[in-house]
Amino acid sequence: MKERLREALDGCVRELLAEAGFAVEAPPLQVEPPRQADHGDFACNAALVLTKTLRRPPREIAEQLAARLGDAGGLVARTTVAGPGFLNVWLSNECWQRGLADLVRAGDRVATSRSGGGARVQVEFVSANPTGPLTLGHGRQAVIGDCIARLLQVVGHDVTREYYFNDGGRQMRVLGESVKARYLEQLGRAAAPPADALADAELPWPESLGGLPVVFPRDGYQGEYISEMAADLREQHGDGLADEPAAGRFREVAQQRIFREIEATLVALGIRFDVYTNEKTFYEDGSIDRVLADLRAKDLVYDADGAVWLRATSLGLERDRVLVKSSGEPTYLLPDIAYHREKLRRGFERVIDVQGADHIEQFPFVRAAIGALGCDAARIELVMHQFVTLTRGGQQVKQSTRRATYVTVDELLEEVGADVFRFFMVQRKADGQLDFDVDLAKDRDWKKNPAFYVQYAHARTHGIERKAVEQGVAMPATDAFDASALVLPAEIALIKKLLEFPEVVEAAAAAREPHHVAYYLREVAGLWNPYVQDGVHHRVLSDDAALTRARLGLALGVRGVLAQGLGLLGLSAPERM
RNA sequence: GCGCCGAUAGCUCAGCUGGAUAGAGCACCAGGCUUCGAACCUGGGGGUCGGGGGUUCGAAUCCCUCUCGGCGCGCCA
């Protein structure tokens with residue numbers, strides 16, 4: 001609808017320019033729904049943009065444009081020139097009614113398109129190392145990443161969801177040590193470190209307590225799940241593992257079990273990954289050595305203080321970074337460079353990294369190094385998100401990773417359910433902190449809880465259908481639907497909003513900003529729910545058969561948009577609530 | 001100290017590739033409806049868009065600066 005109007009206006013502008021003897025290209029016009037409804041269905045700024053070129057007052061240009069536009073072949077009902085020179089355009093009701101008919105025909109594939117041209121895109125997200133349960137920050141990232149993937153898929157990309165994790169580094173070592181320490185404590189062969197020392201890194205750390213050694217690592221993982229795993233090992237093996245190295249069974253069992261639990265959490269969230277990539281791969285296939293050698297060949301590597309450094313300053317960055325520690329062990333950066341080079345080599349046209357704000361520092365180094373190695377670093381994008389705070393009973397709940405006093409995704413999921421969890425996590429733009437209001441999320445009142453508000457709007461389209469069937473009224477055929485009886489302002493407004501859906505989805509996908517979809521769905525539901533509830537002025541099911549069919553068709557249009565929209569956010573679209 | 005992000009209604013937030021009188025939900029106020037697909041509808045009050053400067057026909061939006069908050073600035077990941 002908008003595009004047809006834009007084409008018509010573009011044509012007029014070109015004619016106007018040609019007639020005035022200007023050989024210049026027509027500037028890109030803005031054709032947008034204005035903020036104020038009484039400024040028309042669409043407002044065009046053409047006259048304001050052209051005023052400099054044509055050297056005529058914008059209002060005069062707008063008048064000429066309006067005259068030239070006419071009714072644009074039945075598209076336009078009327079036009080006005082307003083304000084500094086905006087051309088306000090109202091489209092005819094017939095035009096909107098036809099639009100709804102097309103939309104109903106598309107069903108729940110309204111926004112599905114091929115604009116992505118089948119381009120291969122990788123979205124890497126979550127990528128949490130298996131050291132413990134997923135936290136709310138991971139949860140937000142999981143939902144954002146998955147929604148971006150869904151958006152890209154629906155507009156025609158070939159999407160790979162990928163999870164990258166590290167099982168070679170310090171974190172995994174400490175994990176094994178933490179489990180073994182708890183195991184030994186439970187056997188009475190080691191002493192648990194005092195709670196205050198665990199909580200405060202400044203306090204002294206005892207070598208032993210009460211004649212028993214303290215083996216729990218200073219920076220160990222303090223969560224209850226560590227003790228539980230230790231208890232399970234003790235149950236299975238008694239004290240038979242006392243001499244087993246922490247880096248052996250303990251680490252392996254803990255890693256596998258935590259990873260399984262992370263996967264289970266993700267599945268509960270409706271998220272499945274296509275590829276899991278392990279840092280270890282890059283050691284084994286030699287790509288780490290190759291990266292190092294290639295960087296060295298470009299004189300981007302030097303040795304100092306027993307470590308191997310990346311000469312990042314010569315790539316325009318603030319400081320140099322260590323690639324291989326003096327211990328001989330690579331830092332996180334080196335495999336990350338190898339990983340990103342490998343991503344591009346796999347042929348992805350776009351690589352999207354979704355990362356938390358705490359990882360932001362890393363990205364420029366990876367990108368610079370990749371570029372220096374001759375890869376097209378511009379194909380790598382970063383979607384950064386801020387953290388999640390939790391509000392319960394009007395109070396912020398303190399989260400501390402160190403003390404393991406954070407709320408996990410599992411815990412919150414149990415309280416609010418996957419649908420609400422996802423909606424809340426995706427409804428805010430990524431680069432702002434997210435305040436998760438648990439009380440609101442748990443509120444079953446659909447009027448208050450935005451996730452339910454949208455789902456209920458969808459369920460109502462089915463409720464109406466059930467009612468219609470009860471009364472022996474058939475739903476209109478989706479491929480031959482006549483909407484011409486829909487003339488109420490509330491109906492036209494709803495149709496206009498529904499027809500915005502494809503472009504909302506395209507824009508959200510292009511910007512990698514799924515929150516726009518959540519906001520949009522709230523708006524659709526905000527028109528539909530009152531429309532259905534206002535049984536005083538109009539009812540969907542009435543004695544007028546043609547009107548009833550038209551309104552049932554409107555319900556189908558709403559259903560299609562809400563169903564696909566909810567699907568894009570990974571929420572269910574229930575038929576009843 | 002440096003870097004990134006944020007600051008918009010009482011609260012939670014949209015709007016930010018510059019456009020007209022800055023929006024939504026919740027909360028609040030006033031009317032209405034009386035349970036039907038109805039845990040409802042209609043209307044209203046509420047703002048120096050953190051402060052200041054600049055760019056221009058026009059700035060919440062772009063630039064500079066200041067203030068406050070979050071995150072980061074490891075041979076952690």
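Residue numbers start from 1 in every chain, and the chains themselves are labelled A, B, ... in the order their sequence lines are given, proteins ahead of strands.
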- Rounded distance in Å between the P positions of rC76(B) and rU65(B): 35 Å
- Between rU17(B) (C1') and Glu32(A) (CD): distance, integer Å: 12 Å
- Message: Between Asn529(A) and Arg460(A), do the side chains contain a donor N or O and an acceptor N or O under 3.5 Å apart?
- Response: yes
- Note on the structure: Sorted by chain and residue number, the ring pair (Phe, Tyr, Trp, His ring centres under 6.0 Å) partners of His340(A) (sequence neighbours excluded) come out as none
- Judged by modelled atom types alone, do Asp435(A) and Thr391(A) share a side-chain donor-acceptor pair under 3.5 Å? yes
- Sequence neighbours excluded, which residues qualify as side-chain contact (heavy atoms from CB on, under 4.5 Å) partners of Ser326(A)? none
- Item | Euclidean distance for P, rG54(B) against rA60(B) (whole angstrom) | 15 Å
- Item | Distance, rounded to the nearest Å, where Gln141(A) contributes CD and rC71(B) contributes C1' | 15 Å
- Please report, rounded to the nearest Å, how far the C1' atom of rA14(B) is from the CD atom of Glu500(A). 14 Å
- Task: Have a look at Val308(A) and say if it touches a base, only the backbone sugar-phosphate, or nothing, with a 4.0 Å heavy-atom cut-off.
- Result: nothing
- Give the rounded distance in Å between these two atoms: CZ of Arg539(A) and P of rU35(B). 12 Å
- All side-chain contact (heavy atoms from CB on, under 4.5 Å) counterparts of Ala312(A), not counting sequence neighbours: Leu310(A), Leu317(A), Asp320(A), Phe365(A)
- Is there a donor-acceptor contact under 3.5 Å linking the side chains of Gln362(A) and Arg321(A)? yes
- Item | Base-contact (B) and sugar-phosphate-only (S) positions in nucleotides 72-77 of chain B, heavy-atom cut-off under 4.0 Å, - elsewhere | SSSBSB
- Note on the structure: Protein-proximity profile, nucleotides 18-25 of chain B, B/S/- by nucleotide at the 4.0 Å heavy-atom cutoff, equals -BBB-BSS
- Note on the structure: Stems for RNA chain B (at least 3 consecutive Watson-Crick or G-U pairs, under 3.5 Å) come to B:1-7 with B:67-73, B:10-13 with B:23-26, B:28-32 with B:40-44, B:50-54 with B:62-66
- Output for pair (Leu134(A) CG, Leu266(A) CG), nearest 0.5 Å, gives 5.5 Å
- Task: Look at Arg551(A) together with Glu491(A) and state whether they make a salt bridge at an N to O cut-off of under 4.0 Å.
- Result: yes
- Query: What is the distance, rounded to the nearest whole Å, between atom CG of Leu382(A) and atom C1' of rC5(B)?
  - Reply: 12 Å
- Task: Taking atom types as modelled, find out whether Gln386(A) and Asp431(A) have a side-chain donor-acceptor pair closer than 3.5 angstrom.
- Result: no
- Message: In this structure, how many angstroms lie between the P atom of rC26(B) and the CZ atom of Phe452(A), rounded?
- Response: 16 Å
- Regarding Thr389(A) and Gln433(A), is there a side-chain donor-to-acceptor distance under 3.5 Å anywhere? no
- Find the distance between CG (Leu295(A)) and CD1 (Ile337(A)) and round it off to the nearest 0.5 Å. 6.0 Å
- Considering only the C1' atoms, how many Å lie between rC57(B) and rA27(B), rounded to the nearest integer? 41 Å
- Message: What's the gap between rA20(B) and rC11(B) when it is taken at their C1' atoms, as a whole Å value?
- Response: 30 Å
- For the residue pair Glu162(A) and Thr277(A), confirm or rule out a side-chain donor-acceptor distance under 3.5 Å. yes
- Query: Can you check the Leu488(A) CG to rC41(B) C1' distance for me, whole Å?
  - Reply: 15 Å
- Message: Please determine whether the number of non-hydrogen atoms from other residues, nucleotides or ligands lying under 6.0 Å from atom CD of Glu318(A) exceeds 12.
- Response: no
- Item | Whole-Å P distance, rA30(B) and rC13(B) | 29 Å
- Applying salt bridge (charged side-chain N to carboxylate O under 4.0 Å, His left out), which residue pairs with at least one partner in residues 332-342 of chain A are found, sequence neighbours left out? Asp294(A)-Arg341(A), Glu342(A)-Arg346(A)
- Message: Checking Gln141(A) now: which residues fulfil side-chain contact (heavy atoms from CB on, under 4.5 Å) with it, not counting sequence neighbours?
- Response: Phe125(A), Val354(A), His385(A)
- Task: Report yes if at least one side-chain N or O of Gln533(A) is closer than 4.0 Å to OP1 or OP2 of rC41(B); otherwise report no.
- Result: yes
- Message: When the P atoms of rC40(B) and rC26(B) are compared, how many Å lie between them, rounded to an integer?
- Response: 9 Å
- Message: I'd like to check the ring pair (Phe, Tyr, Trp, His ring centres under 6.0 Å) partners of His462(A); sequence neighbours left out, ordered by chain and number.
- Response: His458(A)
- Query: Can the ring centroids of Phe424(A) and Phe421(A) be said to lie less than 6.0 angstrom from one another?
  - Reply: no
- Query: CG of Leu390(A) versus C1' of rG70(B): gap in Å, rounded?
  - Reply: 16 Å
- With sequence neighbours left out, write down each residue that passes side-chain contact (heavy atoms from CB on, under 4.5 Å) with Ser127(A), or none if nothing qualifies. Glu124(A), Tyr164(A)
- How far does the C1' atom of rG72(B) sit from the matching atom of rC66(B), given to the nearest Å? 22 Å
- Report the residue (His515(A) or Gln471(A)) whose heavy-atom-nearest nucleotide on RNA chain B is the more 5′ of the two. His515(A)
- Which of residues 549-562 of chain A have a heavy atom under 4.0 Å from RNA chain B? none
- Interface residues of residues 424-442 of chain A with RNA chain B (non-hydrogen, below 4.0 angstrom): Arg428(A), Lys429(A), Asp431(A), Gln433(A), Asp435(A)
- In whole Å, what separates the P atom of rG58(B) from that of rU42(B)? 40 Å
